[in-house]
K.L.:
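Structure below; questions to follow.
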Amino acid sequence: MRLFLTLLFRNRLAALGAVLLLALVLLCLVVPLLPLADPNVTDTPNKFLRPFSEGHLLGTDHLGRDLLSRLLWGTRLSLAVGVAAAAAAAFFGTLIGICAGYFGGWIDNGLMRLIDMIMAFPYILLALAIVAALGPGMLNALIAVAAVNVPFFARNIRGISVGLTAREFIDAARLSGQGHARIIVTELLPNVLPVIIVAISTTIGWMVLETAGLSFLGLGSQPPQADLGSMLGEARAALIAAPHTLIVPGAMIFVIVMSINLLGDGLRDALDPRLRSGALARPSPVTRIARPAPPPAETPARGVLDLDGLTTRFEVGAQVYKAVSDVSLTLGKGECLGLIGESGSGKSVTALSVTGLVASPPGVIAGGAARLDGVDLLSLPYRDLRGLRGRRIAYIFQDPLSTLHPLYRIGDQMVEAIRVHRKMPLAEARARCLDLLRTVQIPNAESRLSAYPHELSGGMRQRVGIAMALVNDPEVIIADEPTTALDVTVQAQVLALLDRLRRERGLSILFITHDFGVVGQLCDRVAVMYAGQIVEEGPTASILAAPAHPYTRRLIACVPELGGGRRQLAAIPGLPPAVNRLPAGCAFAPRCDRARPDCQRDPIALRVSGPRAARCLYPEEALS
Ligand code: ADP
Ligand code: MG
């Protein structure tokens with residue numbers, strides 16, 4: 001709740017709207033207690049008094065009635081009717097929408113055709129017809145305005161309910177034996193509530209206007225009762241002679257509708273959890289780069305991809321999460337480098353930092369460089385960097401279902417990936433995609449080109465992801481846990497495929513995983529990451545045979561061995577440290593059985609020895 005209010009009030013306009021609206025509502029509540037003139041008492045000799053006249057702060061209208069009093073009583077009525085109409089429309093609209101979405105079938109069909117019928121008329125005409133049928137009056141105006149707004153809510157809520165009803169948590173509720181009513185109230189309703197609140201807050205203003213419109217036409221409040229619309233209607237005749245009678249209610253309508261809309265917009269932003277984490281800002285196309293001393297733009301290359309002291313942080317409020325600290329790695333041509341570590345150790349952030357893909361805010365690249373053939377990617381202008389993404393450096397992401405666009409066919413997505421970077425006739429691009437789908441061993445590749453992502457199995461989608469990464473013949477592929485979602489047979493196939501592609505095409509692969517078994521199969525070298533730092537690095541065989549860092553040893557011990565006897569699998573006790581409160585010395589020390597007091601004192605340097613390096617004072621194996 002506190003977070004919600006802070007977010008809401010960070011938006012200045014929403015705060016202004018909230019304050020104005022609150023003031024108005026309070027004012028309306030105390031109107032009966034104020035020493036106001038009777039709003040309906042006429043005094044024709046004193047008609048059309050100007051504002052600030054004796055006894056009439058805002059002047060009088062054409063019958064000499066006190067405008068201030070009529071304005072306040074009218075505002076009270078208009079607001080109450082607007083809110084009541086919005087509540088009624090929301091209630092019935094939600095009821096219809098949820099029932100239609102949840103039950104589906106003929107109930108859905110019947111209800112929605114009813115809604116379609118209402119929507120077939122221009123709504124103001126329909127409201128007029130309803131009032132004409134029921135007879136003029138404020139209550140009937142309320143009913144008319146509510147009725148014409150029901151479809152808006154019903155359609156919105158139905159769309160969301162249909163999607164939610166197909167989800168597993170509803171199945172789980174059914175499985176537990178709950179009845180329909182209970183599922184709707186306890187499972188479905190809480191999920192659509194934010195939408196309802198937002199829809200109400202953005203439509204109240206509009207309902208106040210519609211009610212005022214009906215009253216203006218003489219169909220809402222009846223004389224002598226004042227509401228904002230009827231005040232406007234009565235003042236119309238004296239537009240030139242006494243403009244204040246018109247301006248006063250007009251200005252009030254403006255203030256009400258403006259403040260409600262500003263607040264509604266703010267509410268929508270603050271209630272949307274996706275906007276919330278990004279602190280209400282749109283992520284920029286490149287991660288924010290704030291390097292105190294920008295490194296030279298070009299240096300002699302060690303490998304195809306060199307990371308030099310790459311440091312990426314997340315700045316969330318007052319907290320700084322040091323997700324990646326001073327990471328240096330070299331990926332040679334045709335090499336496969338494994339990057340391994342527990343979940344949350346910073347592997348993905350490292351990979352995304354290379355081409356500035358970390359979401360910003362909150363991400364910031366605070367130091368270091370990522371060099372492709374010696375050229376610092378983070379110093380490049382955005383256009384150049386964009387031209388490079390997907391063409392020279394391609395990514396394979398962990399979850400292919402969320403990275404493939406659900407509404408485009410596989411073929412179209414792949415063709416787009418090519419044509420973003422170069423002009424190629426459509427037929428040629430499709431042929432190329434087909435070729436690649438065959439390369440990644442997708443059976444029936446032709447028909448798969450016109451399939452949607454949800455029509456493929458997880459393993460096939462992963463292969464499509466790999467094929468897409470290959471469409472532009474990249475030099476480097478960054479594979480972020482590409483096999484974590486797959487079963488072991490498919491995993492073995494995907495690994496074999498990557499290995500073959502590497503040998504045939506001379507690809508360099510940065511392979512991110514948390515599984516030493518996979519590293520052992522595929523990678524020439526491996527870098528072990530813990531709490532955002534590289535703690536050990538070296539040739540895979542050498543590290544597997546004799547790990548130096550205790551963390552590496554524990555990670556290797558976590559891999560089960562088939563037929564290896566009933567060896568106890570050694571889980572690593574404890575949890576990785578939170579990266580916003582890293583300890584002073586070795587981050588692994590609290591979980592380490594070899595730790596001594598001095599491990600926790602100062603930062604530990606990476607000690608290099610030949611091809612291997614380790615960040616440990618008391619390594620398992622002394623590096624010569
Ligand atoms: P993994 O090694 O599992 O890929 P990540 O690189 O995704 O881990 O995350 C590294 C660290 O960065 C984690 O501790 C995570 O909490 C933090 N982190 C990632 N994204 C954000 C974010 N948007 N805001 C704050 N912290 C984040
Ligand atoms: Mg990850």
Side-chain angles (χ1 to χ4, degrees), residues 3 7 272-290 307 310-327 329 337-368 370 395-403 462 465 469 477-486 491 509-516 518-519 523 526-537 551-552 554-555 558 572 574-583 587-588 590-591:
L3 175 71
L7 276 174
D272 188 329
R274 282 163 304 177
L275 292 175
R276 206 185 290 170
S277 58
L280 290 184
R282 214 154 48 108
S284 54
V286 191
T287 312
R288 189 158 75 83
I289 296 174
L307 306 187
L310 190 65
T311 302
T312 305
R313 301 190 303 227
F314 292 98
E315 298 179 352
V316 183
Q319 300 281 353
V320 174
Y321 294 83
K322 295 179 181 155
V324 174
S325 315
D326 196 14
V327 165
L329 290 172
L337 171 65
L339 185 59
I340 188 168
E342 277 168 286
S343 174
S345 53
K347 309 178 300 287
S348 298
V349 176
T350 307
L352 293 172
S353 301
V354 170
T355 54
L357 283 174
V358 179
S360 225
V364 184
I365 293 181
Y395 283 83
I396 306 171
F397 292 104
Q398 179 167 0
D399 180 3
L401 187 54
S402 55
T403 41
Q462 192 72 68
I477 285 199
I478 298 179
D480 192 350
E481 309 209 25
T483 58
T484 304
L486 305 180
Q491 168 171 322
I509 303 180
L510 179 61
F511 194 92
I512 297 175
T513 177
H514 57 244
D515 183 353
F516 248 112
V518 174
V519 168
C523 301
V526 59
V528 183
M529 203 163 185
Y530 188 76
Q533 285 187 319
I534 302 293
V535 295
E536 177 157 15
E537 192 190 338
Y551 179 60
T552 316
R554 307 294 288 264
L555 268 186
C558 288
I572 309 179
L575 291 171
V579 284
N580 55 343
R581 285 189 304 273
L582 285 179
F588 186 62
R591 301 167 76 188

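The first residue in the sequence is number 1, and the count goes up from there. Just so you know, ligand 1 is whichever comes first in the structure, and atom 1 is the first atom listed for that ligand.
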K.L.:
Please report whether ligand 1 has a polar contact with K347, defined as an N or O pair separated by less than 3.5 Å (distance criterion only).
P.N.:
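Yes: some nitrogen or oxygen of K347 is under 3.5 Å from one in ligand 1.
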K.L.:
Determine, considering heavy atoms only, which of A359, S360, G344 sits nearest to atom 11 (C) of ligand 1.
P.N.:
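That would be G344.
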K.L.:
Pick one of side chain, backbone, both or neither for how S345 approaches ligand 1, counting any non-hydrogen atom pair under 4.0 Å.
P.N.:
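Within the 4.0 Å criterion, S345 contacts ligand 1 through backbone and side-chain atoms alike.
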K.L.:
Could you state the interatomic distance from CZ (R313) to OG (S353), rounded to the nearest 0.5 Å?
P.N.:
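It comes to 12.0 Å.
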K.L.:
Distance-only, no hydrogens or angles: does the T287 side chain make a donor-acceptor pair with backbone N or O of I365 under 3.5 Å?
P.N.:
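Answer holds: no.
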K.L.:
Looking at P362, which atoms of ligand 1 are within less than 4.0 Å of one of its heavy atoms?
P.N.:
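Result: 23 (N), 24 (N).
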K.L.:
Would a 4.5 Å heavy-atom cut-off, applied to side chains only, mark F588 and V535 as touching?
P.N.:
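Contact flag for F588/V535 side chains = no.
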K.L.:
Hey, are the side chains of T483 and T513 touching, using non-hydrogen atoms and a 4.5 Å cut-off?
P.N.:
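The answer is no, as the side chains (C-beta and beyond) never meet within the 4.5 Å cut-off.
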K.L.:
Hey, does I512 have a side-chain heavy atom less than 4.5 Å from the side chain of Q398?
P.N.:
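They are not in contact (no side-chain heavy atoms under 4.5 Å apart), so the answer is no.
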K.L.:
Give the residue, atom name and distance (to 0.1 Å) of the protein heavy atom nearest atom 16 (O) of ligand 1.
P.N.:
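Answer, as residue, atom name and distance: V579 CG2, 4.8 Å.
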K.L.:
Sort out for me which residue in I534, L510, D480, V327 forms a side-chain contact (heavy atoms from CB on, under 4.5 Å) with T350.
P.N.:
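It is V327, the one option of I534, L510, D480, V327 that forms the side-chain contact (heavy atoms from CB on, under 4.5 Å) with T350.
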K.L.:
Quick one, F314 and V579 - any side-chain contact, counting heavy atoms below 4.5 Å?
P.N.:
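No, their side chains stay 4.5 Å or more apart.
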K.L.:
Please check whether V316 reaches ligand 1 - meaning an N/O of the residue sits under 3.5 Å from an N/O of the ligand, judged on distance alone.
P.N.:
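Not met; the criterion fails.
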K.L.:
Strictly inside 4.0 angstrom of atom 25 (C) of ligand 1, do you find any protein heavy atom?
P.N.:
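It does: a protein heavy atom is found less than 4.0 Å away from atom 25 (C) of ligand 1.
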K.L.:
Could you check whether Y395 and T355, counting side-chain N and O atoms only, form a donor-acceptor pair closer than 3.5 Å?
P.N.:
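Per modelled atom types, T355 and Y395 side chains form a pair under 3.5 Å.
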K.L.:
Tell me which protein heavy atom sits closest to atom 20 (N) of ligand 1, plus the residue, atom name and distance to 0.1 Å.
P.N.:
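Sorting protein heavy atoms by distance from atom 20 (N) of ligand 1 puts F314 CZ, 3.4 Å first.
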K.L.:
I want to know if ligand 1 touches Y321 in the polar sense, i.e. an N/O pair below 3.5 angstrom.
P.N.:
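No: no nitrogen or oxygen of Y321 is under 3.5 Å from one in ligand 1.
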K.L.:
To check your reading of the model: name the closest protein heavy atom to atom 12 (O) of ligand 1, its residue, and the distance in Å.
P.N.:
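Ranked first by proximity to atom 12 (O) of ligand 1 is A323 CB, 3.3 Å.
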K.L.:
So is S343 close enough to ligand 1, meaning a heavy atom under 4.0 angstrom away?
P.N.:
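For ligand 1, residue contact (heavy atoms, under 4.0 Å) with S343 is present.
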K.L.:
Take the Mg ion (ligand 2) and tell me which protein N, O or S atoms are nearer than 2.8 Å.
P.N.:
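Atoms qualifying: S348 OG.
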K.L.:
Is there a polar contact between ligand 1 and V349, counting only N or O atoms under 3.5 Å apart?
P.N.:
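V349 vs ligand 1: N/O contact under 3.5 Å present.
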K.L.:
Is the shortest heavy-atom distance from the side chain of P577 to the side chain of P590 under 4.5 Å?
P.N.:
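No, side chains not in contact.
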K.L.:
Nearest heavy-atom pair of L337 and C523: which atoms, and what distance?
P.N.:
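Looks like C-SG, 4.2 Å.
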K.L.:
Decide whether an N or O pair under 3.5 Å exists between S348 and ligand 1.
P.N.:
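Yes, S348 has an N/O under 3.5 Å of an N/O on ligand 1.
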K.L.:
At their closest point, which heavy atom of K347 faces which heavy atom of E342, and how far apart are they?
P.N.:
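Answer, listing the atom of K347 first, then E342: NZ-O, 3.0 Å.
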K.L.:
Would you mind telling me which of Y530, F511, F516 makes a side-chain contact (heavy atoms from CB on, under 4.5 Å) with I340?
P.N.:
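Checked Y530, F511, F516 against I340; only one passes side-chain contact (heavy atoms from CB on, under 4.5 Å): F516.
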